[in-house]
Amino acid sequence: RTHKTASQTLLSISLYIYLKMAPKSKPDLVTRDYTIHLAKRTHKTTFKSKTPKAIKEIKKFAEKAMGTKDVRVSTDVNKFVWSQGVRNPPKRIRVRLSRKRNEDEDADEKLYTLVEHVQVASFKGLENETIDA
């Protein structure tokens, strides 16, 4: 039975940490459904900036969930969020986030996220789902 030297042990530990800490490669094109709780993200916000903040929070959520800086919100989502006016955005929204390839050749990023609205009767019991394309 051979024993590891201190330097070999240190090397194997540092390799393990490096592999664990390395950013995970995400699949290129993926589509997922999420429920975003807008009420908690716009709580304690001035009336006139509640709905604009809700839109910004949807973009921020999509950016974090999909790992792309370029987030495009569809007009359906915008209309749904603005449907009750500037002071009273919906409490929750169900969205479909799709990571897609950027067709523009000289774009900074090769992927972007499209946020689409998903109509639901009730938000009860819904979970985050991955849609197979």
Return the minimal non-hydrogen interatomic distance between [X] and [Y], and the atom names on each side.
X    : Y    : value
G85  : T51  : O-OG1, 2.8 Å
T35  : F123 : CG2-CD2, 3.7 Å
P90  : L38  : O-CB, 3.4 Å
V71  : A62  : CG1-CB, 3.8 Å
A107 : N102 : CB-ND2, 3.3 Å

Donor-acceptor contact below 3.5 Å, side chain T31 vs main chain R96: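 Not a single qualifying donor-acceptor pair exists.
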Could you go through residues 110-119 and list every donor-acceptor pair under 3.5 Å that involves a side-chain atom there, pairing it with any protein atom two or more places apart or in another chain?
residue	atom	partner	partner atom	Å
T113	OG1	T68	OG1	2.5

Could you list all the ring-ring contact (aromatic ring centres under 6.0 Å, His included) pairs where at least one residue sits in residues 37-73, not counting sequence neighbours? Y34-F61
Scan for salt bridge (Lys or Arg N to Asp or Glu O under 4.0 Å) pairs involving residues 71-89, sequence neighbours excluded, and state none if there are none.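 Qualifying pairs, neighbours excluded: D70-R72.
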Go through N88 and K50 one step at a time and tell me if the side-chain contact (heavy atoms from CB on, under 4.5 Å) criterion holds. CA-CA 7 Å; N88 188 25; K50 255 191 194 276; over 6 Å; no
I'd like to know whether E57 forms a side-chain contact (heavy atoms from CB on, under 4.5 Å) with K53, so could you lay out the CA-CA distance, the side-chain angles of the two residues, the decisive distance to 0.1 Å, and finally the verdict. CA-CA 6 Å; E57 289 292 329; K53 182 167 184 177; 3.7 Å; yes
Side-chain heavy atoms of P89 within contact of F80, under 4.5 Å: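 No, every pair of side-chain atoms sits at 4.5 Å or beyond.
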Find out whether K59 and V73 are in side-chain contact, i.e. whether some heavy atom of one side chain is under 4.5 Å from a heavy atom of the other.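 Of all side-chain heavy-atom pairs linking V73 with K59, at least one is under 4.5 Å.
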Check this for me: N128, atom CG, are more than 12 non-hydrogen atoms of other residues, nucleotides or ligands nearer than 6.0 Å?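 Yes, because the 6.0 Å sphere around CG of N128 holds more than 12 heavy atoms from other groups.
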Under 4.5 Å between side-chain heavy atoms, counting indirect links through other Ile/Leu/Val/Met/Phe/Trp/Tyr residues: same cluster for V86 and V81 or not?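 Shared cluster, yes.
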Tell me, with the steps shown, if R99 and L29 meet side-chain contact (heavy atoms from CB on, under 4.5 Å). CA-CA 5 Å; R99 194 183 307 129; L29 308 175; 5.6 Å; no
Let's go through R41 and I36 carefully: what are the C-alpha distance in whole Å and the side-chain angles of both, what is the deciding distance for side-chain contact (heavy atoms from CB on, under 4.5 Å) to 0.1 Å, and is it a yes or a no? CA-CA 9 Å; R41 289 173 167 86; I36 304 176; 3.8 Å; yes
